[in-house]
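A short worksheet on the structure shown next.
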Amino acid sequence: MKNNKKADSLGDNHIGTSVETPLRSDAFAKTDDQKIESISFHYQKIMEELGLDLTDDSLSGTPYRVAKMYVKELFSGLDPKNKPKISVFDNKYQYSKMLIERDITFNSSCEHHFLPIIGKAHIGYISSGKVIGLSKMNRIVEYYGRRPQVQERMTMQIFNELKTALQTDDVIVVVEAEHLCVSTRGVNDKSSKTTTLEYGGQFGDNQIRKDFFKMI
């Protein structure tokens, strides 16, 4: 009851507590199959509380399908074993200008309502001697998107991952997304989008940032 009152008092306030996704110390004590079995059981109870007839052929497999989707797809980015292997290479061709990967599509989930966040990420960096495979940037976005998220946190997680991999502060990340917790419930605003930005190093220069935004 105390948690319910706290949730009501916070309402739709957009809050985040840390750049790290909040996880319990025993988050990975169970196997994926054990998690699917447990989530399936509890989701069945949710459906029953809603008054749905799970003897109906259309609904009977839904608890298992939802549980499998949570563990194997929507929230697979919670498990470090699914983190993509990031390979970087020496910048032997001495390319010294910014490289941009734009319009990286992703699907995530709002951690406040577990409703979809659908959007695009735009990434730029200036090599300090290392370069990264283009598809690896897509995989980094995918990994951090596949978990309950706050968009500000996701943006910083992608930014920090790229800084570490590329061994440079010269990174910029823009994320723009539609939040279905805004468009399908509450205020029901169908047209608004949220944009977040994080950058460092040379992207602190106003002209370099302008050049980046012209290209995306």
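Keep in mind it's a predicted model, so treat the numbers as computed, not measured. Quick note: residue numbers are just sequence positions, from 1.
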Check whether any side-chain heavy atom of [X] lies under 4.5 Å from a side-chain heavy atom of [Y], and answer yes or no.
{"X": "Arg153", "Y": "Pro22", "result": "yes"}
{"X": "Leu197", "Y": "Ile172", "result": "yes"}
{"X": "Met98", "Y": "Phe203", "result": "yes"}
{"X": "Met137", "Y": "Leu99", "result": "yes"}
{"X": "Ile208", "Y": "Phe212", "result": "no"}
{"X": "Val187", "Y": "Ser192", "result": "no"}
{"X": "Lys163", "Y": "Glu198", "result": "no"}
{"X": "Val174", "Y": "Phe213", "result": "yes"}

| field | Lys136 and its side chain to side chain contact (heavy atoms under 4.5 Å, CB included) partner, picked from Ile132, Asn138, Leu134 | value |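 In the set Ile132, Asn138, Leu134, the residue that makes a side chain to side chain contact (heavy atoms under 4.5 Å, CB included) with Lys136 is Ile132.
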| field | Identified side chain to side chain contact (heavy atoms under 4.5 Å, CB included) partner of Leu162 from the options Thr168, Val171, Ile86 | value |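 By the side chain to side chain contact (heavy atoms under 4.5 Å, CB included) criterion, Leu162 pairs with just one of Thr168, Val171, Ile86: Val171.
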Side-chain donor-acceptor pairs of residues 37-48 under 3.5 Å, sequence neighbours excluded:
residue, atom, partner, partner atom, Å
Ser40, OG, Tyr64, N, 3.4
Gln44, NE2, Glu48, OE2, 3.1

From [X] atom [atom1] to [Y] atom [atom2], the distance as rounded to the nearest 0.5 Å:
{"X": "Ile126", "Y": "Ser96", "atom1": "CD1", "atom2": "OG", "answer": "9.0 Å"}
{"X": "Gln149", "Y": "Thr155", "atom1": "CD", "atom2": "OG1", "answer": "8.5 Å"}
{"X": "Arg139", "Y": "Lys83", "atom1": "CZ", "atom2": "NZ", "answer": "15.0 Å"}
{"X": "Thr164", "Y": "Gln167", "atom1": "OG1", "atom2": "CD", "answer": "9.0 Å"}
{"X": "Tyr143", "Y": "Leu78", "atom1": "OH", "atom2": "CG", "answer": "8.0 Å"}

| task | Give a yes-or-no answer on whether the side chains of Ser76 and Asn82 include a donor-acceptor pair shorter than 3.5 Å. | result | no
| Taking atom types as modelled and ignoring hydrogens, do the side chains of Thr196 and Gln151 form a donor-acceptor contact shorter than 3.5 angstrom? | yes
Donor-acceptor check, side chain of [X] to backbone of [Y], threshold 3.5 angstrom: yes or no?
{"X": "Asp170", "Y": "Gln202", "result": "yes"}
{"X": "Arg102", "Y": "His122", "result": "no"}
{"X": "Asp26", "Y": "Ala29", "result": "no"}
{"X": "Asp90", "Y": "Lys92", "result": "no"}
{"X": "Arg185", "Y": "Leu180", "result": "no"}
{"X": "Lys120", "Y": "Glu176", "result": "no"}

| query | Considering residues, nucleotides and ligands other than Gln207, do more than 12 of their heavy atoms fall under 6.0 Å from its CD? | reply |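 Result for CD/Gln207: enclosed.
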| Above 12 or not: heavy atoms from other molecules or residues under 6.0 Å from NZ of Lys130? |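 More than 12 within 6.0 Å, yes.
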So which heavy atom on [X] is nearest to which on [Y], and how close?
{"X": "Thr184", "Y": "Lys190", "value": "CA-NZ, 4.1 Å"}
{"X": "Pro63", "Y": "Ser60", "value": "CD-O, 3.7 Å"}
{"X": "Val88", "Y": "Ala165", "value": "CG1-O, 3.4 Å"}

| task | List the steps, then state whether side chain to side chain contact (heavy atoms under 4.5 Å, CB included) holds for His179 with Leu115. | result | CA-CA 8 Å; His179 292 241; Leu115 285 172; over 6 Å; no
| said: One pair to check against side chain to side chain contact (heavy atoms under 4.5 Å, CB included): Phe28 and Leu23. What are the steps and the verdict? | reply: CA-CA 10 Å; Phe28 309 109; Leu23 285 169; 4.1 Å; yes
| Pair Val182-Thr194, side chain to side chain contact (heavy atoms under 4.5 Å, CB included): steps then yes or no | CA-CA 10 Å; Val182 174; Thr194 301; over 6 Å; no
Is [X] linked to [Y] within one hydrophobic cluster, defined over Ile, Leu, Val, Met, Phe, Trp and Tyr using a side-chain heavy-atom separation of less than 4.5 Å?
{"X": "Val19", "Y": "Tyr199", "value": "no"}
{"X": "Val175", "Y": "Val150", "value": "no"}
{"X": "Ile100", "Y": "Tyr93", "value": "no"}
{"X": "Phe159", "Y": "Val131", "value": "yes"}
{"X": "Ile158", "Y": "Met156", "value": "no"}

| message | With a 4.0 Å cut-off on N to O distance, would you call Asp211 and Lys97 a salt bridge? | response |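 The answer is no: the pair does not qualify as a salt bridge.
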| task | Before accepting this row, confirm whether a basic side-chain N of the pair Lys81/Asp79 lies closer than 4.0 Å to the acidic partner's carboxylate O. | result | yes
Donor-acceptor pairs are to be reported for all side-chain atoms of residues 103-110 against protein atoms at under 3.5 Å, with residues two or more places apart or in another chain.
residue, atom, partner, partner atom, Å
Ser108, OG, Gly145, O, 2.6
Ser108, OG, Arg147, O, 3.3

| task | Please identify each residue that fulfils salt bridge (Lys or Arg N to Asp or Glu O under 4.0 Å) with Glu178, with sequence neighbours left out. | result | none
